[in-house]
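Below: the structure, in structure tokens.
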Amino acid sequence: MADNRLRATRRQRLMGAVIAFAMLGGAPALAADADGENDPLEPMNRYFFELNIFFDTILLKPVATWYDGVVPRPGRDGIRNFLDNLRSPVILANDLLQGEWDRAGTTASRFGINTTVGVLGLFDPASRWGMKQHSEDFGQTLAVWGTGEGPYLFLPVLGPAPPRDLTGFVVDQAFDPLTYIYWDRPKTVPVTRFVVNGVDQRARSLTTLDQIERTSVDYYATVRNLYRQSRANEISNGETDYDALPDIDYLTFDTNEPDTAGM
């Protein structure tokens, strides 16, 4: 059981790292989708992908490296917890829209506990009390209700943004209470949160992404594939769809052993 939890945690960190890097800097991934299926805009997408890689090389990665070296681990964890807690209303709205009542209860409880006992979300006592964090967005909600991803699209800064997920990103802004709070400069807080989130995620993935880069062949094709895998995993809440697995009824296995009666 402990090994399963460890593997799940590592997989979630890897997926989150690559998606965060792709969002603000472009990233390699693990497995190629070489046939370009459902990617009619590939030339334009590749151009924007290269722009993001350039942006990461000259700005995002150096800033993330500095952040990782200067800010101590407890400080980085506090920032991560705070940012995650700010997103709770968006997660709650999508839990409810998906009919995930138990997960909605967990999200609401986490927000209440971490905002109070956790000092405005800087700490995460809810996780220690058995209420683990999860993430939802309106792109996932659309998928749950049967909306297809649409053609693959990669945008500057945002990274992978197929129509379904791009729509979800826009709608989620309407679910975010910070959207409706008056600021002297309306864009300052949302932009600051977006940038800090990107830098923090990139800092957490420095070693992982360097290792992936060394083993990647086609950055663009691999990040496209891993993005789709990650989104499928998020939409299914990490549950395996056994109906989608290949039919193995006709496979044979030669074990070099004689047939045994009763087998």
Side-chain angles (χ1 to χ4, degrees), residues 1-24 26-35 37-39 80 83-84 87-88 90-104 106-107 110 127 131-154 158-169 171-172 197-198 200-202 204-205 208-209 211-212 215-216 219-246:
M1 182 67 71
D3 290 341
N4 290 338
R5 286 198 298 266
L6 179 59
R7 285 195 294 269
T9 299
R10 287 174 175 171
R11 183 172 60 253
Q12 291 168 358
R13 287 178 178 175
L14 175 60
M15 293 296 188
V18 173
I19 297 306
F21 182 35
M23 180 182 69
L24 284 177
L30 296 178
D33 179 13
D35 59 7
E37 182 180 358
N38 201 25
D39 190 1
R80 181 75 265 152
L83 292 170
D84 289 343
R87 187 168 170 75
S88 294
V90 175
I91 298 173
L92 176 60
N94 285 288
D95 282 335
L96 295 172
L97 288 173
Q98 294 175 31
E100 297 279 359
W101 313 120
D102 290 341
R103 287 163 68 90
T106 297
T107 301
R110 281 183 52 83
S127 289
M131 289 170 278
K132 299 300 182 182
Q133 182 195 17
H134 65 273
S135 180
E136 296 288 352
D137 57 64
F138 194 70
Q140 293 171 246
T141 298
L142 290 174
V144 167
W145 291 105
T147 303
E149 177 189 73
Y152 185 74
L153 179 64
F154 193 99
L158 287 180
R164 182 186 64 200
D165 294 339
L166 182 60
T167 301
F169 175 79
V171 172
D172 281 339
N197 180 68
D200 180 76
Q201 291 281 16
R202 185 65 177 93
R204 292 172 183 273
S205 64
T208 301
L209 290 174
Q211 181 178 0
I212 295 172
T215 59
S216 295
Y219 282 15
Y220 173 80
T222 52
V223 73
R224 178 180 59 197
N225 191 23
L226 186 56
Y227 178 78
R228 286 169 169 165
Q229 293 178 38
S230 174
R231 292 299 284 169
N233 182 70
E234 291 172 343
I235 291 164
S236 66
N237 295 332
E239 298 178 1
T240 301
D241 182 2
Y242 292 100
D243 291 335
L245 295 177

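We count residues from 1, following the sequence as given.
Looking at S205, its side chain does come within 3.5 Å of a backbone N or O of Q201 through a donor-acceptor pair.
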Please set out all donor-acceptor pairs under 3.5 angstrom arising from side-chain atoms of residues 142-149, sequence neighbours excluded.
unit_1	atom_1	unit_2	atom_2	d
W145	NE1	L97	O	2.9
T147	OG1	L142	O	3.3
E149	OE1	R228	NE	3.3

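For D95, the side chain to side chain donor-acceptor pair (under 3.5 Å) partners are T107, H134, not counting sequence neighbours. Legend: residues meeting side-chain contact (heavy atoms from CB on, under 4.5 Å) with D172, ordered by chain and number and at least two apart, are R87, V90, N94, D137, F138, F175. For Q98, the side chain to side chain donor-acceptor pair (under 3.5 Å) test picks out E136, T141, with sequence neighbours left out. Partners of P151 under the side-chain contact (heavy atoms from CB on, under 4.5 Å) rule, at least two apart in sequence or in another chain, are N38, P40, P163. Not counting sequence neighbours, the partners of D200 by the side chain to side chain donor-acceptor pair (under 3.5 Å) test are Y67, R80, R204.
In this structure the side chain of R110 reaches within 4.5 angstrom of the side chain of S127, judged on heavy atoms. With contacts defined as side-chain heavy-atom distances shorter than 4.5 Å, the pair D165/Q140 does not qualify.
To the nearest 0.5 Å, the span separating CZ on R103 from OG on S135 amounts to 9.0 Å.
Between T106 and K132, the shortest heavy-atom contact is CG2-O, 3.8 Å. Listed here is the closest heavy atom pair of A104 and L92: O-CD1, 3.4 Å.
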TODO: Could you walk me through whether Y220 and D39 pass the side-chain contact (heavy atoms from CB on, under 4.5 Å) test, one step at a time?
DONE: CA-CA 11 Å; Y220 173 80; D39 190 1; 2.5 Å; yes
